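Reminder, nothing fancy here: chain letters follow the sequence lines and each chain counts from 1. Reckoned from all heavy atoms, side chains included, excluding hydrogens, waters and symmetry mates. This one's a predicted model, so the numbers in the text were calculated from it and none came from an experiment.
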Protein chains: 2
Amino acid sequence: MSELQARRDAQTRAELSAAAIGLFSERGFAETTMADVAAAAGVSRRTAYRHYGNKEDLIFEHPRRWIEVFRRVVAGREESESTKKVCCRGVLEVAATIEATKAEVLPGYGVVAATPSLRARYARTNRDWLDTYFELIAADLPPDDAPAMLRASVLAGALVGGTDRAVIQWFLQPDASLVAMTKVALGLVDPLWPAASKVPSYELRRDAVDTAR
Amino acid sequence: MSELQARRDAQTRAELSAAAIGLFSERGFAETTMADVAAAAGVSRRTAYRHYGNKEDLIFEHPRRWIEVFRRVVAGREESESTKKVCCRGVLEVAATIEATKAEVLPGYGVVAATPSLRARYARTNRDWLDTYFELIAADLPPDDAPAMLRASVLAGALVGGTDRAVIQWFLQPDASLVAMTKVALGLVDPLWPAASKVPSYELRRDAVDTAR
DNA sequence: GTAGATTTGGCACCCCGTGCCTTTTGTGGC
DNA sequence: GCCACAAAAGGCACGGGGTGCCAAATCTAC
């Protein structure tokens with residue numbers, strides 16, 4: 001694809017996305033048909049589907065990119081950098097990215113927040129984050145070490161919970177700093193990171209478990 | 001609805017669900033039409049839709065019930081019981097419930113694991129759990145206390161990550177004890193509970209971990 | 001300017017999900 | 001046992017999402 005073609009491509013994508021956000025927030029997601037969006041963007045329905053595989057993707061472009069941002073940070077890490085460090089760095093970079101595109105992001109978030117079926121779809125990006133974090137954290141661990149996998153999942157889950165809430169709060173109060181909020185979240189997650197390579201010694205007393213019920 | 005009618009109802013639901021799991025795992029989810037499932041269960045397509053609102057729900061009956069189990073535990077808690085305690089109790093009860101219905105649950109899990117669109121749908125139940133945990137944990141907290149909300153979300157996320165992984169591992173090795181694995185997960189989450197709810201900490205013992213795998 | 005490749009548009013189709021109405025199947029009252 | 005009534009099932013048609021296929025338009029290269 002030529003340079004010019006690529007720009008044209010990005011252009012129609014942007015027009016489709018903009019048209020979608022406008023129509024969705026104006027008259028609702030379910031009440032807007034794909035043909036409407038395509039017409040508003042000046043292309044045919046069929047072409048719209050070539051740019052966005054399905055209706056929902058029209059407003060999940062940014063979240064998809066954020067995961068890529070994180071993955072790129074991870075991919076480009078130095079040998080010496082610890083997992084924790086690169087993870088935190090990636091998370092903060094994503095937060096900064098989100099904050100930097102505030103004006104484009106917020107309207108889409110509004111639509112998602114107002115539409116149950118889209119909130120459900122949003123859950124999927126949550127899951128993608130969980131898997132992404134897990135993949136990073138568990139990369140150096142033996143896959144058949146069940147407790148280690150559990151530990152990694154707990155950590156990944158905590159990261160998802162924290163970062164997601166940070167974004168939600170930022171959406172409710174867009175003047176606050178998302179990066180600052182995210183830093184707080186990272187601080188809360190901190191106790192879950194294994195102390196150095198001190199893999200050991202989670203030990204569970206059965207009676208302790210029993211007292212919990 | 002009469003007693004007899006209710007039983008008939010449960011019967012057709014069960015037949016639909018069984019037919020669905022069978023056909024889905026045999027020839028794939030996308031390749032099976034709703035009419036196929038309905039026919040296999042001996043009812044009309046329209047009736048199938050009256051029992052299950054959509055195609056995906058055909059295999060997410062159990063997960064939905066598990067959240068209800070948890071909610072019931074929370075709803076029935078004593079005044080004196082701490083949030084942490086009731087939460088752990090609920091989680092373990094759910095694990096026990098899952099384990100008790102092993103034979104019915106595992107085939108469905110297989111279908112979900114093999115079908116991308118269903119894994120995406122499964123992400124939604126993940127989100128439901130996140131919200132459920134958050135609701136419980138944040139119930140006593142001031143809603144405008146951002147850091148407290150963050151803390152609650154981190155905790156909720158960790159719970160989701162841990163319990164979900166426990167189920168995944170149990171699916172891979174169904175002979176292991178899900179309850180034991182879940183206890184390990186709870187132990188790992190433990191550091192995130194606020195010190196105020198000073199319940200004797202879970203501590204992990206190697207042997208407990210080992211029996212869990 | 002023309003040939004060939006690429007992109008777009010148009011068309012037809014499948015199937016999910018739903019509103020509406022008819023038919024069948026219970027469920028009392030006598 | 002019969003009838004009136006309610007409730008569930010079936011049938012039908014429609015809107016709309018998503019896709020394969022082919023023709024038309026547009027771009028690219030020589």
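Taking atom CG on Asp57(B) and atom C1' on dG17(C), their separation rounds to 12 Å, with Å as the unit. What separates CD of Gln11(A) from C1' of dT26(D) is a distance of 17 Å, to the nearest Å. In this structure, CZ of Arg7(A) is placed 13 Å from P of dC27(D), rounded to the nearest angstrom. Atom CE in Met34(B) sits about 8 Å away from atom P in dC16(C), given to the nearest Å. The CG-P distance, from Asp9(B) to dT27(C), rounds to 12 Å in whole Å.
Within the 4.0 Å cut-off from OP1 or OP2 of dT8(C), not a single side-chain nitrogen or oxygen of Thr47(A) is found.
Inter-residue side-chain proximity for Asn126(B) and Tyr122(B) is flagged as met; some heavy-atom pair is nearer than 4.5 Å.
Between Lys102(A) and Pro174(A) the shortest heavy-atom distance is NZ-O, 2.8 Å.
Applying the side chain to side chain donor-acceptor pair (under 3.5 Å) test to Glu61(B) and every residue at least two apart in sequence or in another chain returns Arg13(B), Tyr52(B). With sequence neighbours left out, Glu135(A) forms a salt bridge (charged side-chain N to carboxylate O under 4.0 Å, His left out) with Arg71(A).
Rounding to the nearest 0.5 Å places CD1 of Ile98(B) at 12.5 Å from CD of Glu104(B). In this structure, the separation between CG on Asp164(A) and CD on Gln169(A) is 10.5 Å, given to the nearest 0.5 Å. Interatomic distance, Lys85(B) NZ to Arg89(B) CZ, rounded to the nearest 0.5 Å: 9.5 Å. Interatomic distance, CG of Leu186(A) versus CH2 of Trp193(A), reported as 9.0 Å (0.5 Å rounding). Rounding to the nearest 0.5 Å places CE of Met149(A) at 12.0 Å from CG of Leu172(B).
A salt bridge between Asp36(A) and Arg27(A) is present, with a side-chain N of the basic residue lying under 4.0 Å from a carboxylate O of the acidic one. Taking 4.0 Å as the cut-off between side-chain N and carboxylate O, Arg119(B) and Asp131(A) do not count as a salt-bridged pair. Between Arg121(B) and Asp57(B), at least one side-chain N (NZ, or NE/NH1/NH2) sits under 4.0 Å from a carboxylate O, which counts as a salt bridge.
For DNA chain D, no neighbouring residue in residues 110-124 of chain A is found when judged by any heavy atom under 4.0 Å. A heavy atom closer than 4.0 Å to some atom of DNA chain C occurs in no member of residues 14-29 of chain B. Within a heavy-atom distance below 4.0 Å of DNA chain C, the residues of residues 48-56 of chain B found are Tyr49(B), Arg50(B), Gly53(B), Asn54(B), Lys55(B).
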For nucleotides 2-6 of chain C, give me every protein contact, N/O to N/O, under 3.5 Å, one pair per line with atom names.
none

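In this structure, Arg124(A) forms no cation-pi arrangement with Phe60(A), as its terminal cationic atom is not both closer than 6.0 Å to the ring centre and no more than 45° off the ring axis.
Heavy atoms of Thr32(A) sit under 4.0 angstrom from primed sugar atoms or phosphate atoms, though from no base atom.
When distances are taken from the side chain of Arg45(B) to each of dC27(D), dA13(D), dC21(D), the shortest belongs to dA13(D).
Taking for each of Arg46(B) and Thr33(B) the nucleotide of DNA chain C with the nearest heavy atom, the 5'-most of the two is the partner of Thr33(B).
In this structure, the side chain of Thr33(B) engages the main chain of Ala35(B) through a donor-acceptor pair within 3.5 Å.
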